[in-house]
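See structure below.
Along the sequence shown, residues are numbered consecutively beginning with 1.
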Amino acid sequence: SYRKTKSGGLFKTSEFKAILNEATSNENWNISNSKLQVLADHTYNWEDYNVIMKHLWAKVQSKPKEWRKIYKALNCMDYLCKNGAPRVVQEIKDDLYKIRTLQDFAMSENGVDRGQGVRDKSRELCELLSDPTMLQNEREFARQTREKLQGTSQGGGSAMGSGGMVGMGGMGGPPTSMSSSSIGQG
């Protein structure tokens, strides 16, 4: 079955679940911002929102050896705080202690520290959610970026971002679609 998203696109209702699994996989690559934007759009639907957040919280609490899943779930949460429904922000704020504990995350494979990305991303997310002005600015910048990209790259250009993320979403109003972009592993 198909459903219309806030940005006006049509998606199979199960498509966002496949994207959610891809976004939090244990594979050694990240997901495009256009796919993360599909998830952000789905946070405006109550049922989908609950599925997304339950999945992300489960991945954040994965075993340390699955550090990629933890990192990617944090990355997703960061994107959704900036681009998703405002209730995403409130839910993550309510359970921020779960994110804060990851600032001390430790994991090494064959003597290589694999926890730095998780520590950094959890610190960034805690800082973002602890600073209302920064959060509002990031969401506004994301909204403007999405609008710009939607206006200039309808044909499928690519977006570039710093710090591995493009855009962050407006405080109210529906999100808009975004052209594809790779997210750097930070």
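From E22, atom CD reaches atom CG of N30 across 9.5 Å, with rounding to the nearest 0.5 Å. How far OG1 of T145 is from CZ of F141: 3.5 Å, rounded to the nearest 0.5 Å. Separation of atoms CZ (R119) and CH2 (W67) is listed at 11.5 Å; rounding is to 0.5 Å. How far CG of D104 is from OG of S122: 8.0 Å, rounded to the nearest 0.5 Å. Taking CD1 of I52 as the start and CD of E47 as the end, the distance is 11.5 Å to the nearest 0.5 Å. If you take SG on C81 and CG on L129, they are separated by 4.5 Å, rounding to the nearest 0.5 Å.
Nearest heavy-atom pair, S62 versus I70, reported as atom, atom and distance to 0.1 Å: O-CD1, 3.6 Å. Nearest approach of N83 to R139, heavy atoms of both residues: N-NH1, 4.2 Å. Contact between M77 and L125 at its shortest, heavy atoms only, is CB-CD2, 3.9 Å. The minimum heavy-atom distance linking Y79 with N33 is given by the pair OH-O, 3.6 Å. In this structure, V60 and L74 approach most closely via the heavy-atom pair CG2-CD2, 4.2 Å. Pairing each heavy atom of R114 with each of E109, the nearest pair is NE-OE1, 3.3 Å.
Contact check for L80 versus L56: side-chain heavy atoms found under the 4.5 Å cut-off. V118 is not listed as a side-chain neighbour of M107, based on a closest heavy-atom distance of 4.5 Å or more.
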Start with the C-alpha gap between V51 and F16, add the side-chain angles, then the distance that decides, and say whether side-chain contact (heavy atoms from CB on, under 4.5 Å) holds. CA-CA 10 Å; V51 169; F16 88 93; 4.1 Å; yes

message = Assess the residue pair I92 and M53 against the criterion (side-chain contact (heavy atoms from CB on, under 4.5 Å)); give the C-alpha distance rounded to whole Å, side-chain angles, the decisive distance to 0.1 Å, and a yes or no.
response = CA-CA 9 Å; I92 296 174; M53 295 310 294; 3.7 Å; yes

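Here the side chain of R87 pairs a donor or acceptor atom with the backbone of T43 at under 3.5 angstrom. In this structure, T24 contributes its side chain and A73 its backbone to no donor-acceptor pair below 3.5 Å. Judged purely by atom type and a 3.5 angstrom limit, D48 has no side-chain atom pairing as donor or acceptor with the backbone of Y44. In this structure a side-chain-to-backbone donor-acceptor pair under 3.5 Å is missing from R68 to S25. Distance alone, capped at 3.5 Å, is enough to place a donor-acceptor pair between the K72 side chain and the E27 backbone.
Between the side chains of E140 and Q136, no donor-acceptor pair of N or O atoms lies under 3.5 Å. At a cut-off of 3.5 Å, with distance as the only test, a side-chain donor of Q37 or D41 sits close to an acceptor on the other residue.
Checked against Y49 for a side-chain contact (heavy atoms from CB on, under 4.5 Å), the options E91, K54, H42 give a single hit: E91.
In summary, E127 and R123 do not engage in a salt bridge, as defined by a charged side-chain N under 4.0 Å from a carboxylate O.
Every residue two or more places apart in sequence or in another chain was checked for a side chain to side chain donor-acceptor pair (under 3.5 Å) with Q103, and none qualifies.
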Which atom pairs, donor and acceptor, lie under 3.5 Å between side-chain atoms of residues 93-100 and protein residues at least two apart or in another chain?
from	atom 1	to	atom 2	distance (Å)
D94	OD1	Q90	NE2	2.8

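At a threshold of 4.5 Å between side-chain heavy atoms, the hydrophobic network of Ile, Leu, Val, Met, Phe, Trp and Tyr places W29 and V112 in two separate groups.
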